[in-house]
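This report concerns only the one structure given below.
The sequence lines fix the lettering, A, B, ..., with proteins before strands; numbering per chain opens at 1. Values below: every heavy atom of this structure, side chains too, minus hydrogens, waters and symmetry copies.
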Amino acid sequence: RPKFYALEMLPYPSGFLHMGHVRNYAIGDALAWYKRLQGFNVMHPIGWDSFGQPAEQAAIKRGVNPRAWTEENIAHMRGQMQRLGISYDWSREIAAHRPEYYKWDQWFFLKMYERGLAYKKMSPVNWCPREGTVLSNEQSSGGICWRCGATVEKRDLEQWFLRITDYAEQLVADIKQIEAGWPEKVLKRQRDWVGRSEGAFIDFAVKDSKHKIRVFTTRIDTIYGATAVVLSTEHPLLDKLLAGSALKDDVARFAEKIRKQNAGGGRIMDQEEEKLGINTGVLAINPFSGETIPVWVANYVLMEYGTGAVMSVPAHDERDYEFAQKYSLPIRRVIERVSHEQESIVHDTLSEDQSLAMQHAFTDYGILVNSGEWSGKLSEVAMQEMASWAKAQGSGEAAVTFRIRDWGISRQRFWGAPVPIIYCPNCGTVPVPYDQLPVVLPETAAFTGTGESPLAGVPEFVNTTCPKCDGPARRETDTMDTFVDSSWYFFRYCDPRNEAAPFDPESARHWTPVDQYIGGDSHAVMHLIYTRFWTKVMRDLGLVSFDEPVTRLLTQGMVTNRVEGTDEWKAMSKSLGNGVDPDEMIAAFGADAARLFVLFAAPIENELRWSESGIEGAVRFLRRVYTMVWRWHERLSNTTTEDQSGPGLSEPSTGVRALRRKTHQTIARVTKDLEHLHFNTNIAALMELFNELSDFNANPANATAEDVFVVREALQALVVMLTPFAPHAAEEMWEALGHEGGLLKSARWPQADPELARSEELE
RNA sequence: GCCGGAGUGGCGAAAUUGGUAUACGCACCAGACUCAAAAUCUGGCGAGGUCAAACUCAUGUCGGUUCGAGUCCGACCUCCGGCACCA
């Protein structure tokens with residue numbers, strides 16, 4: 001049978017399912033059931049993202065053992081999933097905190113280390129003071145901790161990184177392979193995050209010096225308008241350029257002030273921030289015009305992007321314009337607007353007045369003016385030619401830069417996969433040999449919460465022997481970011497008990513890529529970028545043969561509830577007191593009604609507003625269908641050949657024709673909508689079919705053979721099509737209709753007869 | 001500021017390629033059943049208008065294309081989300 005891989009995002013075992021999980025799993029299970037009934041061989045696995053901060057926080061605050069705490073949570077949540085009746089293949093269950101899983105995190109780390117993709121460097125890292133740990137760039141976006149919201153600080157630490165920047169180009173280019181199946185808003189955020197930008201590096205020679213300042217620009221066509229070169233306060237050339245200068249101390253003081261503002265409190269500057277700068281007294285030479293322009297240092301130039309230096313073109317860049325206004329730097333216009341009527345007209349000269357009259361930077365493309373031999377050319381043309389010219393002159397080249405930076409995976413935490421590295425006084429940094437994996441976490445450690453790696457306080461872990469020289473050595477005490485665990489877990493499901501490899505490539509060839517992945521869009525950049533990166537690394541290791549791990553992605557909306565005493569709908573949470581306990585819902589209404597409601601109440605990508613009366617409506621519907629099935633139970637389960645022969649040769653009655661038409665129209669509509677995951681309209685269609693059945697109003701006691709036939713046809717279709725949304729009820733009703741061995745054995749997804757589904761008008 | 005997405009009853013929402021706007025459900029109203037209530041069943045339910053109908057007006061606003069526009073085009077308004085000195 002053809003395979004289908006339906007996957008929901010790996011949950012963190014916090015201890016309790018919330019309604020967002022219920023929605024997620026109801027969607028995945030509906031799809032899994034639909035595909036099974038269509039004859040697919042469906043893999044529908046689940047597991048646990050069981051490393052991470054909360055277990056450690058529980059250990060710090062309440063002294064519990066993180067492993068025991070985690071296992072208890074998993075046991076409880078597994079029970080909740082089973083009460084919901086999600087059809088998972090429990091034989092494939094995995095958990096990230098178990099050595100048989102994280103052994104392979106370490107294995108991948110070593111493979112990357114061998115290939116130079118994992119490396120260590122001293123680096124200013126994003127530091128969350130509240131949690132006492134390092135965060136990745138993604139996790140500290142906007143200068144606040146993604147988990148606790150604390151303001152992130154900068155600290156210098158030796159950190160392990162994965163070279164995701166080596167794959168930046170592919171992470172953008174390969175989007176075209178998945179754009180048909182992924183939501184545009186996710187792809188957009190990924191593109192933004194990778195931040196690919198085409199432009200050029202240009203070298204400005206420094207007057208009376210052998211040094212050159214390299215800038216990055218996307219607008220080389222504006223270079224004749226450059227009236228300054230501006231460096232970041234962190235720029236490494238700064239000290240050399242200022243050696244012996246009278247202004248040296250002033251500049252150093254300025255840089256220190258800015259550094260304090262930015263690092264202290266970790267605040268990321270925004271556009272409202274005032275631009276501050278200082279003239280270094282150094283002069284640079286524009287390689288195009290030969291003009292000499294001043295070199296400034298300013299707070300608005302970021303060291304982390306491009307080269308940490310820019311050419312300042314106030315006439316054609318808003319930031320440079322603002323900076324020039326403040327410090328009275330010249331503003332020289334070198335691009336003129338092109339209008340369609342006058343595309344051939346060149347404005348070669350502009351008066352000084354016109355330039356000074358600019359109220360804003362003109363940032364569009366246009367025609368170059370006051371640009372020497374390039375005057376009169378269109379921006380698009382000039383950019384290419386000027387980059388080539390610069391290269392020929394040895395003063396630059398066309399270049400592509402990216403915003404994404406390498407993935408820092410070091411965490412000064414206990415509850416994670418240990419980085420499999422040993423430091424030997426003689427041999428230096430030594431990778432743990434593969435046959436010594438896994439590097440097992442000790443049972444416990446001292447949880448001080450101070451930010452020191454807890455593993456550093458466990459001598460029997462730290463002290464080891466060097467694999468190379470057998471001398472005494474120390475283990476690395478950092479653990480890995482938990483996003484490592486979730487970057488490849490769905491490959492492990494294919495072959496979860498393999499002890500010789502993360503998975504057998506054969507089994508991955510069969511099951512992957514994932515046909516449908518379902519989860520919240522909060523993972524649009526972090527998890528979904530990392531897992532795409534990891535897949536490309538696995539491809540280069542020969543483990544998989546494709547570039548992209550997920551063919552179709554669905555991002556579900558949040559489940560919200562009214563906050564007591566307000567008109568606000570917010571995501572359910574304990575602190576707001578607007579949470580709904582899935583177990584209580586199951587106890588009060590049943591798992592099927594809860595699942596039916598969350599799928600019916602809104603399109604899955606929309607926010608879902610919780611409603612008690614809504615779920616009661618789902619109960620009512622299921623009860624009505626039940627009642628009808630039981631009314632017909634006896635007549636339908638005592639099948640005679642006559643009953644199954646169809647409406648015979650006689651002219652069918654209007655009512656019979658109408659019911660059959662509705663039945664087949666519904667089958668066609670539901671089948672089509674399910675392919676597009678429009679569960680809300682599917683369920684509405686099933687309700688319509690049921691209403692039509694009610695209107696048909698035949699009495700089982702004296703129904704004709706024809707009546708029995710059409711009622712059976714309609715009820716069977718209804719029950720089978722209800723299975724993805726209410727599997728328990730459907731199973732029971734299927735048996736009541738006279739079938740033995742259950743739905744999976746005796747039921748198939750119904751087929752629509754287009755002839756019967758044809759609308760009345762056409763007859 | 002830039003980039004996405006969305007505006008349809010009291011509410012969640014439907015509406016193939018432009019072709020009966022408001023399917024389905026919730027809430028509400030009336031009736032049946034009941035001593036009564038709940039549950040259940042039946043009917044009603046965009047607004048105005050009428051005994052009832054006819055009719056008029058309604059898919060954020062203003063224009064346009066078309067025999068015909070929720071849907072297409074132009075301008076604008078509002079809300080939600082993302083990014084935010086990325087050169």
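Taking atom C1' on both G49(B) and A54(B), the two are 10 Å apart, rounded to the nearest angstrom. Rounded to whole Å, the separation between the C1' atoms of G70(B) and G60(B) comes to 12 Å. Between G7(B) and C73(B), the two P atoms lie 15 Å apart (nearest whole Å). A distance of about 14 Å separates the P atoms of G5(B) and G74(B), rounded to the whole Å. Taking atom C1' on both nucleotides, U20(B) is separated from A58(B) by 16 Å, rounded to a whole Å. Nucleotides A23(B) and G10(B) place their P atoms 14 Å apart, quoted to the nearest Å. The separation of A13(B) from A32(B), taken at their P atoms, amounts to 37 Å, rounded to a whole angstrom. Nucleotides G19(B) and C55(B), compared at atom P, are 23 Å apart to the nearest Å.
Between the CD atom of Glu234(A) and the P atom of A87(B) there is a distance of 20 Å, rounded to whole Å. The CZ-P distance, from Arg403(A) to G82(B), rounds to 14 Å in whole Å. The distance from atom CE of Met687(A) to atom C1' of C24(B) is 7 Å, rounded to the nearest whole Å. Protein atom CZ of Arg196(A) is 12 Å distant from nucleotide atom P of A87(B), rounded to whole Å. If you measure from atom CD1 of Ile683(A) to atom P of A14(B), you get 12 Å, rounded to the nearest angstrom. One atom, CG of Leu276(A), and another, C1' of C85(B), lie 12 Å apart when rounded to the nearest Å. For the pair Asp673(A) CG and A23(B) P, the computed distance is 17 Å after rounding to whole Å. The OH-P distance, from Tyr321(A) to A87(B), rounds to 21 Å in whole Å.
Taking the ring centre of Trp610(A) as origin, the terminal cationic atom of Arg562(A) falls outside the region bounded by 6.0 Å and 45° from the ring axis. Remark: Arg595(A) is not positioned above the aromatic ring of Phe725(A), lacking an NZ or CZ atom under 6.0 angstrom from the ring centre and at most 45 degrees off the axis.
Between Tyr300(A) and Phe323(A), the ring planes lie tilted relative to each other; the angle falls in the 30° to 60° range.
Toward the 5′ end of RNA chain B lies the nearest nucleotide of Ser611(A), the other residue of the pair Val301(A) and Ser611(A) mapping further downstream. Residues Asp192(A) and Tyr305(A) each lie close to RNA chain B; by heavy-atom proximity, the contact nearer the 5' end of the strand is made by Asp192(A).
Ion pair Lys326(A)/Glu274(A) flagged as a salt bridge, since at least one NZ, NE, NH1 or NH2 atom sits closer than 4.0 Å to an Asp/Glu carboxylate oxygen. At a threshold of 4.0 Å, the pair Arg669(A)-Glu688(A) counts as salt-bridged, since one of the basic side-chain nitrogens sits closer than that to a carboxylate oxygen. Under a 4.0 Å N-O distance rule, the pair Arg214(A)/Glu397(A) qualifies as a salt bridge.
Take Glu612(A) and apply the salt bridge (charged side-chain N to carboxylate O under 4.0 Å, His left out) test, not counting sequence neighbours, and it matches no residue.
Of all nucleotides listed (G82(B), A87(B), A39(B)), G82(B) comes nearest to the side chain of Arg189(A). Checking A87(B), C24(B), U40(B) against every side-chain atom of Arg620(A), the shortest atom distance belongs to U40(B).
Both key distances under 3.5 Å define a Watson-Crick or G-U pair, and stretches of 3 or more such consecutive pairs in RNA chain B run B:1-7 with B:77-83, B:10-12 with B:24-26, B:28-32 with B:40-44, B:46-48 with B:55-57, B:60-64 with B:72-76.
Contact annotation for Gly306(A): no contact, since no heavy-atom pair falls under 4.0 Å across all strands. Residue-level contact check: Val230(A) touches neither bases nor backbone, having no heavy atom under 4.0 Å from any strand.
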Heavy atoms under 4.0 Å is the rule here; annotate nucleotides 4-13 of chain B 5' to 3' with B where the base is hit, S where only the sugar-phosphate is, and - elsewhere. S-------BS
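Classified by its glycosidic torsion, G18(B) falls in the anti category, the angle being over 90° from 0.
In this model, the phosphate group of G25(B) is approached by a side-chain N or O of Asn691(A) to a distance below 4.0 Å at OP1 or OP2. Within the 4.0 Å cut-off from OP1 or OP2 of C41(B), at least one side-chain nitrogen or oxygen of Arg624(A) is found.
Side-chain contact check for Ser395(A) and Asp203(A): no donor-acceptor pair (N or O, by modelled atom type) lies under 3.5 Å.
Separation of the Tyr530(A) and Trp407(A) ring centroids falls under the 6.0 Å cut-off.
For the pair Asp406(A) (side chain) and Ile164(A) (backbone), a donor-acceptor distance under 3.5 Å is present.
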Salt bridge (charged side-chain N to carboxylate O under 4.0 Å, His left out) for Glu184(A) and Arg191(A)? Distances and angles first, verdict last. CA-CA 10 Å; Glu184(A) 183 49 43; Arg191(A) 277 192 209 97; 3.3 Å; yes
